[in-house]
Amino acid sequence: MTQDEMKEEVAKAALAYVVQDSIVGVGTGSTANKFIDALATMKDDIKGTVASSEATAERLRGHGIPVFELNDALTQVSKLSVYIDGADEFDPQKNLTKGGGGALTREKIVAAASEKFICIVDESKQVEHLGAFPLPIEVIPMAETLVMSIANNLGGRAQVREGFTTDNGNIIIDVNGLTIKNARQLEDDLNQVPGVVTNGIFSHQGADVILMATPQGVKTIA
Ligand code: 5RP
């Protein structure tokens, strides 16, 4: 089974978590795209969606699936029923690294606005400790040098993602080579740095359930 087929399988498995007549939060990336395509088969069963990026909103609309602004959705419901998205890495505590596609801030916002976060991955994303994947940080452009030097002092190798601007008009700094022993602490520490919008560690907004595709089928890690 190819990685692409595994992504398709896990995306279809996530349909079981979609709550009828509710507003669903939808993530960003190649696995989330497979989920959007699968969600199109049951678009009449939901009220609509909130997208975590412009790219996701466009794909949802392309399927004729209604997309609400988060603020509008939250005038109708106190929380979105579920947030479904991929990840770049996950550890045994269901902490995640996200932001490979640069949508981490909106992803974290939509995850925080949802009752449950169902994370859809293939088995290549499973790690013992986060850190092998470069940690993305969304940064207000004037803070670039400040954040780079703080990230380097933490023992990483910070690099600006060339030619990339987030949907919020900011830059992404990717930090290689971090050994992340305490994901929650590092998430908090980096978010305290002035100019950091957010970083790609999802510990406060970690997954409630991880659906992991393997060649033997989809495993549920709850
Ligand atoms: C985008 C993300 C994605 O969820 C993450 O990069 C995984 O992407 P893919 O499903 O393409 O492997 O965080 O910002």
Side-chain angles (χ1 to χ4, degrees), residues 14 17 23-33 35-36 49-57 59-60 67-74 77-91 93-121 125 127 130-131 133-141 143 147 150-151 161 164-175 178 180 182-211:
Y17 291 84
I23 303 178
V24 176
V26 183
T28 298
S30 58
T31 318
N33 280 346
F35 171 68
I36 295 168
T49 58
V50 170
S52 63
S53 64
E54 301 296 344
T56 286
R59 194 176 186 100
L60 287 162
V67 180
F68 299 106
E69 291 299 325
L70 179 61
N71 289 321
D72 294 338
L74 294 182
V77 290
S78 58
K79 280 202 149 186
L80 311 185
S81 56
V82 66
Y83 178 60
I84 298 179
D85 194 3
D88 298 302
E89 287 181 332
F90 73 93
D91 74 10
Q93 288 73 46
K94 301 198 281 291
N95 298 310
L96 314 172
T97 301
K98 289 186 48 54
L104 60 160
T105 300
R106 294 190 187 195
E107 291 173 339
K108 208 175 264 192
I109 293 169
V110 184
S114 303
E115 296 282 358
K116 258 191 184 174
F117 179 0
I118 311 300
C119 185
I120 50 176
V121 289
K125 309 292 180 75
V127 295
L130 304 183
F133 190 90
L135 177 64
I137 309 176
E138 179 163 355
V139 176
I140 291 171
V147 175
I150 290 172
R161 198 178 292 184
F164 187 86
T165 305
T166 70
D167 285 347
N168 313 307
N170 297 312
I171 60 168
I172 295 285
I173 293 177
D174 292 304
V175 189
L178 288 173
I180 303 178
N182 187 334
R184 180 152 303 194
Q185 189 66 53
L186 185 61
E187 179 179 13
D188 287 340
D189 290 350
L190 285 171
N191 283 345
Q192 292 304 319
V193 178
V196 168
V197 180
T198 198
N199 70 82
I201 297 176
F202 281 52
S203 177
H204 291 283
Q205 258 71 53
D208 294 294
V209 175
I210 292 177
L211 300 177

For the residue pair Thr28 / Ser52, report whether a side-chain donor-acceptor contact shorter than 3.5 Å exists.
yes

Apply side chain to side chain contact (heavy atoms under 4.5 Å, CB included) to the pair Phe164 and Ile171, showing each step before the final yes or no.
CA-CA 7 Å; Phe164 187 86; Ile171 60 168; over 6 Å; no

Heavy-atom closest pair, residues Glu107 and Gly99:
OE1-N, 4.1 Å

Compare all side-chain heavy atoms of Pro134 with those of Val175 and state whether any distance is below 4.5 angstrom.
no

At their closest point, which heavy atom of Val50 faces which heavy atom of Ala73, and how far apart are they?
CG2-CB, 3.7 Å

Between Gly27 and Thr56 the two heavy atoms that sit nearest each other are O-OG1, 2.7 Å

Could you walk me through whether Thr31 and Val121 pass the side chain to side chain contact (heavy atoms under 4.5 Å, CB included) test, one step at a time?
CA-CA 7 Å; Thr31 318; Val121 289; over 6 Å; no

Side-chain H-bond candidate by donor/acceptor type, Asp189 with Gln185, under 3.5 Å:
yes

If we ignore angles and hydrogens, is there a donor and acceptor under 3.5 Å between the side chains of Thr166 and Glu138?
yes

I want to check a possible cation-pi pair here: Lys125 against Phe90, using under 6.0 Å from ring centre and within 45° of the ring axis as the test.
no

Check: Ile84 and Ile120 side chains under 4.5 Å, non-hydrogen atoms:
yes

Exactly one of Leu186, Leu104, Asp174 should register a side chain to side chain contact (heavy atoms under 4.5 Å, CB included) with Leu135. Which one does?
Leu186

Which residues pass the side chain to side chain donor-acceptor pair (under 3.5 Å) test with Asn182, sequence neighbours left out?
none

Got a second to check how far Leu70's CG is from Leu74's CG, nearest 0.5 Å?
4.5 Å

With no hydrogens and no angle check, is any side-chain donor or acceptor of Asn95 less than 3.5 Å from a backbone partner on Leu130?
no

Say whether, by atom type as modelled, one donor and one acceptor occur between the side chain of Arg161 and the main chain of Gly100 under 3.5 angstrom.
yes

Is it true that a side-chain atom of Lys116 and a backbone atom of Ser81 form a donor plus acceptor pair closer than 3.5 Å?
no

Checking Thr97 side chain against Glu89 main chain: does a donor-acceptor pair fall under 3.5 Å?
no

Atom CG of Asp85 and atom SG of Cys119: how far apart are they, to the nearest 0.5 Å?
7.0 Å

Just jot down the side chain to side chain contact (heavy atoms under 4.5 Å, CB included) partners of Ser114, sequence neighbours excluded, or say none.
Leu80, Tyr83, Val110

Note, Arg106 side chain near Ser53 side chain (heavy atom, < 4.5 Å):
no

Contact between Ile140 and Val197 at the side-chain level, heavy atoms closer than 4.5 Å - yes or no?
yes

Could you give the distance from CZ (Phe202) to CG (Leu96), rounded to the nearest 0.5 Å?
7.5 Å

Are any of the side-chain heavy atoms of Leu60 and Val26 separated by less than 4.5 Å?
yes

Check the pair Asn170, Thr165 against side chain to side chain contact (heavy atoms under 4.5 Å, CB included), reporting the backbone distance first and the verdict last.
CA-CA 5 Å; Asn170 297 312; Thr165 305; over 6 Å; no

What distance separates Ile36 CD1 from Thr49 OG1, expressed to the nearest 0.5 Å?
8.0 Å

More than 12 heavy atoms of other residues, nucleotides or ligands under 6.0 Å from CD of Glu69: is that the case?
no

Main chain of Ile201, side chain of Lys108: is a donor-acceptor contact present, judged purely on distance under 3.5 Å?
yes

For Ala112 against Lys79, the heavy-atom pair lying closest together:
O-NZ, 3.5 Å

Go through the steps for Phe117 and Val82 under the test side chain to side chain contact (heavy atoms under 4.5 Å, CB included), then give the verdict.
CA-CA 6 Å; Phe117 179 0; Val82 66; over 6 Å; no

Are side-chain N/O atoms of Asn199 and Glu187 paired as donor and acceptor at under 3.5 Å?
no

